[in-house]
Amino acid sequence: MEVIIQPNYDQMSKIAAQIVVEVLNAKPNAVLGMATGSTPLGLYKELVRLHQKDQLDFSRVTTFNLDEYVGLPVNHPQSYHYFMHEHFFKHVNIPPQNINIPSGTTSNYPAFCEWYEQRIAQCGGIDLQILGIGSDGHIAFNEPTSSMSSRTRLKTLSKQTIDDNARFFERREDVPVYAITMGVGTILDARKLILIGSGKAKARAIAQAVEGPVTSMVTASAIQLHRDAVVIVDREAAAELTMRDYYEFIYAAKPSAPRS
Ligand code: GLP
């Protein structure tokens, strides 16, 4: 795992965007796994800027979002469909038919989840999965005790997650209790992972994910099992990492590290 510590949120977002650009340069028809939440907003803003300024091309890209709230229609302002269109899709040139987001309003969840997994496989698998992290250490909506081999399915949100996400809703009671989410196993199948974290509210979860035991109590710790995972954090989110100096040393020495 590579851990990159940046001075602030903007720098963190730029480094994450650079990794997306590298993947697209190497494979213009890459399959990208998308995340929602406030953390990736800066990354999406930077990708939109690069699209508008440098013609970063998404015309052959396919996307799969990690998760969606159950019960929210696509035009609900708090749905992840709405979020993705507002903050990213409507500003870039991904063909609409290449955009995949779990349905929060399907009539048959098990069948939909199975279809979503098949669709990822048909598209050749996810090349780069973008991840945020919940304050309870979750990735996507894989709450504590989610199996490390779980696939796309329905999950009940934890009290902590409902509390955290209540800030986006008028009332706490409005936060959906269920979500449809890619599983930890689905995420681990991606060829590359980037996990971004910002602010002191994430410091503990980041330390547990990077340096703690691999445990389904902190599903982000599953990234330790992945052979190409990059964690990009700002200083505040890095505050509880005990090996901080080592990560900074590695990153600073990276340009002169042997390549072959
Ligand atoms: C939700 C999403 C996660 C996201 C998390 C953190 O629970 N399902 O994918 O990582 O929120 O969100 P934020 O970036 O707003 O802290």
Side-chain angles (χ1 to χ4, degrees), residues 1-6 11-37 39-40 42-44 46-47 50-51 56-58 60-67 84 88 92 94 98-101 116-117 119-133 137-140 142 148-152 181-198 202 205-206 209-211 214 218-234 237-238 247 250-251 254-255 257 259-260:
M1 184 192 312
E2 182 178 13
V3 182
I4 303 175
I5 301 169
Q6 289 295 298
Q11 292 298 110
M12 176 202 81
S13 303
K14 287 212 166 92
I15 297 282
Q18 222 33 64
I19 294 176
V20 177
V21 170
E22 278 164 26
V23 168
L24 292 183
N25 284 344
K27 189 176 178 187
N29 62 344
V31 177
L32 300 181
M34 314 303 285
T36 49
T39 312
L43 159 62
Y44 294 148
E46 176 64 5
L47 290 176
L50 293 171
H51 170 68
L56 178 63
D57 182 27
F58 292 91
R60 296 171 62 199
V61 165
T62 298
T63 64
F64 285 91
N65 261 80
L66 286 169
D67 46 13
M84 287 308 299
F88 189 55
V92 296
I94 303 177
N98 289 9
I99 294 172
N100 300 280
I101 306 177
Y116 202 70
E117 288 280 337
R119 177 105 186 104
I120 294 172
Q122 277 162 9
C123 293
I126 294 170
D127 291 298
L128 174 67
Q129 177 64 58
I130 299 162
L131 297 167
I133 186 168
H138 71 217
I139 42 175
N142 291 290
M148 292 298 188
S149 56
S150 50
R151 311 302 302 188
T152 304
T181 180
M182 276 189 207
V184 180
T186 320
I187 292 168
L188 289 178
D189 282 350
R191 289 180 194 95
K192 186 177 183 82
L193 304 178
I194 51 175
L195 187 150
I196 50 178
S198 163
K202 298 293 172 68
I206 288 289
V210 173
E211 297 178 341
V214 175
V218 178
T219 55
S221 66
I223 64 170
Q224 295 178 34
L225 301 170
H226 196 279
R227 61 177 163 186
D228 191 358
V230 185
V231 176
I232 313 161
V233 286
D234 64 13
Y247 309 137
I250 297 173
Y251 191 62
K254 200 174 167 183
R259 289 188 188 277
S260 53

Could you go through T181 and H138, starting from their C-alpha distance and side-chain angles, then the distance that decides it, and tell me whether this counts as side chain to side chain contact (heavy atoms under 4.5 Å, CB included)?
CA-CA 11 Å; T181 180; H138 71 217; over 6 Å; no

To the nearest 0.5 Å, what is the distance between CD1 on I19 and CD1 on I196?
10.0 Å

4.5 Å side-chain heavy-atom contact, I223 and L131:
yes

Between T36 and D67, is any pair of side-chain heavy atoms under 4.5 Å apart?
yes

Would you indicate whether the side-chain heavy atoms of L128 and I194 approach each other to under 4.5 Å?
yes

Residue set satisfying salt bridge (charged side-chain N to carboxylate O under 4.0 Å, His left out) with E22, at least two apart, ordered chain then number -> none

Any donor-acceptor N/O pair, N98 side chain to V61 backbone, under 3.5 Å
yes

On a heavy-atom basis, which atom in M148 and which in A222 lie closest, and how many Å separate them?
SD-CB, 3.5 Å

Keeping S198 on the side-chain end and T39 on the backbone end, is there a donor-acceptor pair under 3.5 Å?
no

Give the intermediate values and the outcome of side chain to side chain contact (heavy atoms under 4.5 Å, CB included) for residues V233 and K202.
CA-CA 9 Å; V233 286; K202 298 293 172 68; over 6 Å; no

Just do the side chain to side chain contact (heavy atoms under 4.5 Å, CB included) check on Q11 and D234 with the steps written out, would you?
CA-CA 8 Å; Q11 292 298 110; D234 64 13; over 6 Å; no

Any side-chain heavy atom of F64 within less than 4.5 Å of one from V31?
yes

One pair to check against side chain to side chain contact (heavy atoms under 4.5 Å, CB included): L47 and F88. What are the steps and the verdict?
CA-CA 8 Å; L47 290 176; F88 189 55; 3.8 Å; yes

Smallest separation among heavy atoms of P40 and A35, with atom names:
CG-O, 3.7 Å

Distance, nearest 0.5 Å, that separates CD1 of I133 from CD1 of I206
4.5 Å

From Y251 OH over to I4 CD1, what is the distance, rounded to the nearest 0.5 angstrom?
4.5 Å

Looking at residues at least two apart in the chain, or sitting in another chain, which of them share a salt bridge (charged side-chain N to carboxylate O under 4.0 Å, His left out) with R191?
D127

How long is the span from the OG1 atom in T63 to the CE atom in M84, to the nearest 0.5 Å?
6.5 Å

Roughly how far, to the nearest 0.5 Å, is CD1 of I130 from CD1 of I232?
9.5 Å

Backbone N/O of V184 and side chain of S150: donor-acceptor pair under 3.5 Å
yes

For residues E46 and V20, determine if any side-chain heavy atom of one lies less than 4.5 Å from a side-chain heavy atom of the other.
no

Looking at T152 and Y116, would you say the former's side chain and the latter's main chain have a donor-acceptor pair under 3.5 Å?
no

Compare all side-chain heavy atoms of D189 with those of I126 and state whether any distance is below 4.5 angstrom.
no

CD of E2 to CD1 of I250, rounded to nearest 0.5 Å, is 8.0 Å

Between L66 and Q129, is there a side-chain heavy-atom distance shorter than 4.5 Å?
yes

Using a 3.5 Å distance criterion without hydrogens, assess whether the side chain of H226 forms a donor-acceptor pair with backbone atoms of I187.
no

